[in-house]
Every structure is written in structure tokens, then in C-alpha cells.
Colleague: 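Encoded as C-alpha cells, here's the structure I'll be asking about.
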Amino acid sequence: MTISNEELNWMYETMYKIRYYEDKMVEAYAEGKNPVFNIGAGTVPGEMHLATGQEPAAAGISIHLKKDDIVSSPHRPHHHAIAKGVNLNKMTAEIFGKETGLGKGKGGHMHLFDPEVHFSCGGIVGAGIPHAVGAALAAKKKNKDSVAVAFIGEGAANQGAFHESLNLAALWNLPFIIVVENNKYGISVPKSHSTSIPSNDLRASAYGVKGYYVKDNDPIAMYEVSGEAVERARNGEGPSIIEIETYRYLGHFQGDAEVYRDENEVTELREKDPIKLLREKLISDYNIEESEITAMESRAIKDVDHAYAFARESDYPKPEAALEDLFD
Amino acid sequence: MEKTKQRLLTGNKALSEAIRLEMEKDENVFVLGEDVGEYGGIFGSTEGLLKQFGPERIMDTPISETAFIGAAVGAASEGMRPIVELMFVDFFGVTMDQIYNHMAKIPYMSGGNVKLPMVLMTAVGGGYNDAAQHSQTLYSTFGHLPGMKVVAPTTPYDLKGMMTSAIRDDNPVVFMFHKTLQGLGWMDQLDTSIGHVPEEAYTVPLGKAKVVKEGTDVTIVGLQMTTHFGMEAVKKLEEQGINAELIDLRSIVPLDRETILQSIKKTHRLLVVDEDYKSFGVTAEIAALAAEEGLYDLEAPVKRLAIPDVPIPYSRPMEQFVLPNAEKIVEEAIKLVNE
């Protein structure tokens with residue numbers, strides 16, 4: 001599968017936008033948490049799991065997805081949401097707890113739902129996998145050619161839900177793909193201490209599905225294997241597992257002291273930054289003009305800035321709104 | 001000894017100290033769960049333990065709750081005394097079968113021939129905008145199902161003493177610690193989360209409530225954060241000439257009915273406050289107790305303050321609206337006294 005310049009540009013702009021979004025969230029989350037960090041204080045309270053460094057996983061497969069395709073995402077959802085085209089204003093407002101948010105302020109950063117683009121996420125590890133299986137089943141029953149993608153971290157591959165879902169999806173031959181983002185840690189526990197095999201694509205044979213492995217957080221390799229997996233799913237050829245070796249630059253959540261890893265580890269990862277590398281590649285290997293790249297970057301910045309402004313300017317919900325939306 | 005008396009610890013340090021002392025004494029005690037090793041538990045319950053005991057006894061696990069809580073059940077049935085951590089109580093859903101069909105029922109179904117001397121410890125509570133899947137207490141969900149002791153200590157002193165009791169208990173004990181009462185640097189700083197804790201091992205009995213403050217006009221029953229709010233409320237009520245009695249429940253199962261009934265006999269008014277859902281919850285159980293066994297002691301209907309029956313919303317104004325606090329307790333207590 002050869003990537004076109006148009007596709008490359010989309011992936012670069014998406015990854016750049018995600019990075020800029022998360023960088024802004026680092027700042028927004030820190031507001032009101034200085035000098036004393038209190039998780040419940042500030043502009044954006046609660047847990048905050050950012051995806052800085054994990055952009056290739058989201059962009060590399062989402063480029064193959066259509067609006068009607070389904071994405072389920074875990075507790076670290078921003079990169080998937082942005083790549084899937086979730087309404088950025090409403091998403092940001094939700095994270096800020098505003099009434100204009102996707103869930104009117106009831107869900108927050110881990111619980112974003114945008115049915116317009118068939119996106120959902122949740123705070124329970126592995127729980128979104130069967131939801132994607134069910135969405136794939138619905139697509140099949142409705143004779144649609146939609147594909148369902150469940151993004152998970154490598155830690156979630158040891159939940160029963162992972163194994164049960166793969167068996168079911170294979171048994172029913174569903175258009176279903178699991179993307180395992182191996183960012184090396186389940187909170188503090190390194191993969192080697194949690195997983196009995198080196199990578200989860202090796203588990204594919206146990207379920208009779210296809211397995212792919214992408215190393216070095218490479219967005220173009222992710223594009224290639226995802227293209228094949230999505231095409232197989234769309235053609236009724238069954239589920240796949242894609243594991244991508246990716247990097248988590250920040251802590252599990254903001255405020256994580258990261259006692260479990262060496263400080264230099266992140267510095268080294270940042271030197272191989274996939275966005276920086278892709279930018280260089282666009283110019284050297286694909287003859288894309290510098291001016292075109294800066295135009296994409298400006299556009300991404302503008303969209304994100306606009307979303308943050310929208311969130312800040314929006315009102316908080318009325319306290320009594322807590323009692324609404326339980327039943328129809 | 002004067003120095004010992006003055007030693008202050010946070011909730012999490014009191015808890016990890018209890019585990020440490022029992023592990024030093026009994027080789028059968030070990031800990032397993034997610035991030036209990038190097039990290040020391042997400043809410044600090046195993047702080048410092050890996051260094052002293054090593055990875056054979058402080059075991060980090062995969063994110064596989066069914067497997068590792070089920071494994072704790074199996075190890076306990078063979079005479080070990082595991083302490084297994086469920087990171088957030090909200091995560092019970094992925095492993096509830098192991099908890100309520102196995103841990104809670106095997107001792108009973110075996111006619112008492114199988115003992116499960118294990119502790120399932122878990123973090124509960126909200127108030128820091130973590131939304132519906134990370135903010136529940138679920139006190140009554142666990143309290144409802146027979147076969148488990150369910151405890152929820154408030155102070156560092158009780159956290160240590162009740163954890164020691166829980167580890168030494170031959171029954172499965174669900175040990176709920178409240179995140180905000182752990183005294184962690186990255187959450188709200190409360191006076192209640194730091195307190196005097198003796199250095200040596202000691203026990204505080206399971207199933208015994210504590211009268212935090214004696215009073216004559218109204219009984220307020222709380223647990224964990226609602227006890228904390230109750231302490232504030234009692235002071236404010238005093239300023240208004242109301243002498244309230246405050247009971248810290250400490251245990252949900254066994255429930256200390258006697259302490260509550262004795263208090264009603266004295267005050268004739270009862271307000272129950274709970275950071276759990278209102279319907280079918282702890283407040284309902286205690287109201288039923290008052291109706292069944294203390295009705296003639298009451299001079300006014302029982303009042304309940306708990307989370308209205310909605311999931312806990314994320315955004316601050318809505319979350320504060322649903323959670324109990326000192327002001328709401330004061331307001332309800334005044335209404336009750338004036339009835």
C-alpha cells in the first residue's frame with residue numbers, strides 16, 4: 001500500500017494537532033494546581049491521561065476510517081477522538097466541565113461520546129473492546145460496510161474482555177480490529193512484568209485472526225498495516241490485532257511522579273519523536289514544501305485554540321442539572 | 001513514650017504500617033494488585049513495602065482482576081493470608097463473580113470447612129471530579145451481599161487498627177479506604193487525614209461504631225467523608241445551640257446496631273449521612289433499623305442525606321450538588337431539631 005502526499009499531509013496535520021492539543025492541556029490542567037498540586041482543583045480537575053508521543057497509532061489507522069466507522073477508546077482518548085473527527089469544541093468543553101460539552105459536563109475527559117462520528121471512550125480498562133465487537137456486529141446485521149476499531153493499551157490485553165472479545169469477533173467473522181498501543185507501561189508496571197509474550201499480535205493465532213506488529217512508533221508503517229487490516233475487515237475477511245510500539249512521554253496521568261522509570265528514558269524517546277521525523281521525511285522523501293507544512297501547522301493551531309477558547313467561554317452547568325438525563 | 005504519643009501519620013502511612021507489621025510477624029501475609037510494588041499503590045496503601053519485602057511478597061499484577069482476585073481466593077483457601085488490592089472500588093464490575101460468588105460464599109457453602117482469611121482492600125469515594133466510573137463508594141453494594149465483612153475506617157488510627165484486625169480475621173474482609181482520607185499530597189488536605197498513630201501493632205475491632213462526639217439533641221451517623229463533614233457540622237451546630245451526637249460507623253458489616261439504638265434513646269432524632277446512593281443504601285438500612293427497633297424512641301421522622309439516585313457527574317457544580325457536605329448536614333439537622 002503506497003501512501004499519497006495527500007494522505008501524508010492529513011496524517012502530519014492530525015498528529016501535529018493532537019500534539020498541540022495535549023500540550024495545551026498540560027497547561028490548562030496545571031492552572032489552579034500551583035504551587036500545591038490538588039487533583040480536584042483548578043480549571044480542569046480529575047484525572048488527566050494525555051497521549052503525547054502516541055499520535056502515530058491514532059493517525060495511522062484513522063486515515064482509513066470513514067465517518068460511519070466506529071472507534072472505541074480507553075481512558076487516554078484525546079488522540080483517537082481528534083483523529084476520528086470528534087467535534088473539538090464540544091470535546092474540549094466537556095473536558096472543562098461545561099454545559100456545551102459532548103455530555104453537558106457529566107462525563108469529563110475519560111467519558112467522551114460523539115455519536116455523530118461513532119466515537120466513544122471509557123474509564124474501565126478493556127471495557128471498550130466488547131463494545132466495538134457489538135458495534136461491528138450491528139454493522140454486519142445492517143449490511144453496512146463499517147469497521148469497528150477498539151484502541152487499548154498493552155495492559156488491557158490481559159483483561160478477560162480482550163480474549164473473550166477476540167474469540168467472539170472471530171467466531172462471528174466481524175469487521176473488528178484491536179489496536180494495542182504498547183506504550184511500555186500499565187501505569188507503573190512494565191510490559192515484561194505483566195505480559196507472558198513479547199507482543200500481542202502473537203496472540204492472533206489463538207483466535208484465528210490476523211496479527212500485525214509496528215515497531216518504532218512509525219506512522220507510515222502503521223498506515224500500511226492498518227490499511228490492510230481495514231480492507232480485510234471491510235471485505236468480510238475477519239478481525240485483526242495490530243500492536244504498535246509507541247511512546248508515552250508523560251506520566252500515566254498528570255501529576256504522576258514516575259518513580260518507576262529513568263528520567264533519561266523520555267529524553268531519549270523525544271529524540272526519536274515521530275512528528276519531528278515525519279516532518280523531515282515530508283520534505284526530504286516526498287518533496288512537500290516547507291510553506292505547505294507551516295500552513296497545516298497554523299491551521300491545526302487555529303482549530304485547537306478555537307476549541308479551548310470555546311470551552312473557556314462556555315458556562316458551567318446548573319448544579320440541579322445533575323438530576324437530568326438519567327432516563328428518557 | 002511521650003514522643004510515641006505525638007507521632008502523626010497520614011491515612012496511607014498508617015495503612016501501610018499495619019500491613020508491614022503483620023507481614024513481619026506472619027510469613028503467610030502477602031500483597032498483590034496493580035501498581036502495589038514500585039508505585040506503592042496508587043493511593044499509597046503499600047508505600048515502602050516493596051523495598052522491605054521484595055517482589056515475592058509485594059506482587060505487581062497484570063490488569064487482570066478476575067485472575068488475581070480469584071488467585072487470592074485460592075491462596076487463602078490454602079492457608080495464606082493475602083491482601084489483594086482492587087485499585088478503585090468502581091472496577092469491581094470486571095471481577096464481581098470472584099468476589100461475591102466465590103470469596104463471599106465458599107466459607108458458607110463449605111459448611112465453614114474452608115476459611116478464606118483474605119483482605120480485599122480498595123479505594124473509594126469522590127469529590128475530586130473523577131466522574132462516574134471512579135468516584136463511587138459502593139458501601140451498600142458490598143454490604144448487601146452476605147459473606148463478607150465490610151469496613152470503612154475514617155481516621156489514621158482506625159485505618160491501622162482495623163487493617164490489623166482485618167488481616168488477622170479468618171473471614172474475607174472488604175477493607176475500603178477513602179482516597180481523600182489517605183492524606184495524599186495531591187488531593188484535598190484535611191485535618192482528619194492526619195492523626196496520632198502508635199508505632200506498635202494494635203487492633204481496633206471490626207463491627208464497632210465509634211461515638212465521635214456525645215450530644216443530646218440529634219444523632220448524626222456518618223462514615224469516612226460523611227463523618228469528616230459531620231465533625232465540621234457538629235461544631236457549626238454547637239454555635240447555634242444544638243448539641244449533636246456524631247457516630248462514625250466504621251463498619252458496614254457487621255453493623256453496630258446497638259450504638260445507633262442507644263444514641264437514639266438519648267437524642268430521639270436521627271440523621272443518617274452517606275456518600276453512596278440513597279435508594280437501598282446504608283441510610284435506608286439504618287432508617288429501617290430505627291423503624292424496626294427504635295421507633296418509640298423517635299420524636300421525628302428519620303432524615304437521610306445521600307447521593308440522589310444519579311451516577312456521579314464530572315463537572316464541579318454538579319458533583320458538589322450531589323455530594324453531602326457540612327452545610328447540608330447542618331441544614332438537615334436544624335430542620336430535624338425543629339420538627
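Hydrogens, waters and symmetry mates play no part in the numbers below; they use all other heavy atoms, side chains included. Per chain, numbering begins at 1; letters A, B, ... match sequence-line order.
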Colleague: A side-chain contact here means heavy atoms from C-beta on lying under 4.5 Å apart; do B:S315 and A:K106 qualify?
Modeller: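 Not touching, per the 4.5 Å side-chain cut-off.
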Colleague: Counting only heavy atoms closer than 4.5 Å, note whether A:K318 contacts chain B via side chain, backbone, both or neither.
Modeller: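 Only the backbone of A:K318 comes within 4.5 Å of chain B.
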Colleague: Who among B:M187, B:Q320, B:E319, B:M318 has the most heavy-atom pairs with chain A under 4.5 Å?
Modeller: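 Most heavy-atom pairs under 4.5 Å with chain A: B:M318.
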Colleague: Cut-off 3.5 Å, side chains only: do A:N158 and B:S64 have a donor facing an acceptor?
Modeller: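 No, because no side-chain N or O of A:N158 sits under 3.5 Å from a partner of the opposite role on B:S64.
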Colleague: For A:L326 and B:P311, which heavy atoms make the closest approach, and how far apart are they?
Modeller: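 That closest heavy-atom pairing would be CD1-CD, 3.4 Å.
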Colleague: Mind ranking B:F88, B:W186, B:Y128, B:F91 by heavy-atom pairs under 4.5 Å with chain A and telling me who comes out on top?
Modeller: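 Of the options given, most contacts go to B:W186.
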Colleague: Against chain B, label A:K104 side chain, backbone, both or neither, depending on which of its atoms sit under 4.5 Å from a heavy atom there.
Modeller: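 When you check distances to chain B, only backbone atoms of A:K104 fall under 4.5 Å.
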Colleague: Which atoms of A:F253 come close to chain B, meaning under 4.5 Å heavy atom to heavy atom: side chain ones, backbone ones, both, or neither?
Modeller: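 Interface part for A:F253: side chain.
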Colleague: Go through the atoms of A:E320 and report whether side chain, backbone, both or neither lie under 4.5 Å from a heavy atom of chain B.
Modeller: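 Both backbone and side chain of A:E320 come within 4.5 Å of chain B.
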Colleague: Measure distances from A:A157 to the heavy atoms of chain B and classify the residue's part below 4.5 Å as side chain, backbone, both or neither.
Modeller: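 Neither part, no heavy atoms under 4.5 Å.
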Colleague: Tell me, for B:L184 versus chain A, whether the close heavy atoms (under 4.5 Å) come from the side chain, the backbone, both or neither.
Modeller: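 Neither the backbone nor the side chain of B:L184 comes within 4.5 Å of chain A.
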Colleague: Please rank B:H134, B:Q189, B:E38 by heavy-atom pairs under 4.5 Å with chain A and give me the top one.
Modeller: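 Among B:H134, B:Q189, B:E38, the one with the most close pairs to chain A is B:H134.
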Colleague: Heavy atoms only, distances under 4.5 angstrom: which of A:M48, A:K98, A:E47 has the most pairs with chain B? Name it, please.
Modeller: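 Most heavy-atom pairs under 4.5 Å with chain B: A:E47.
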Colleague: Can you tell which of B:D60, B:D188, B:V322 has the highest number of heavy-atom pairs within less than 4.5 Å of chain A?
Modeller: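 Counting heavy-atom pairs under 4.5 Å, the top option is B:D188.
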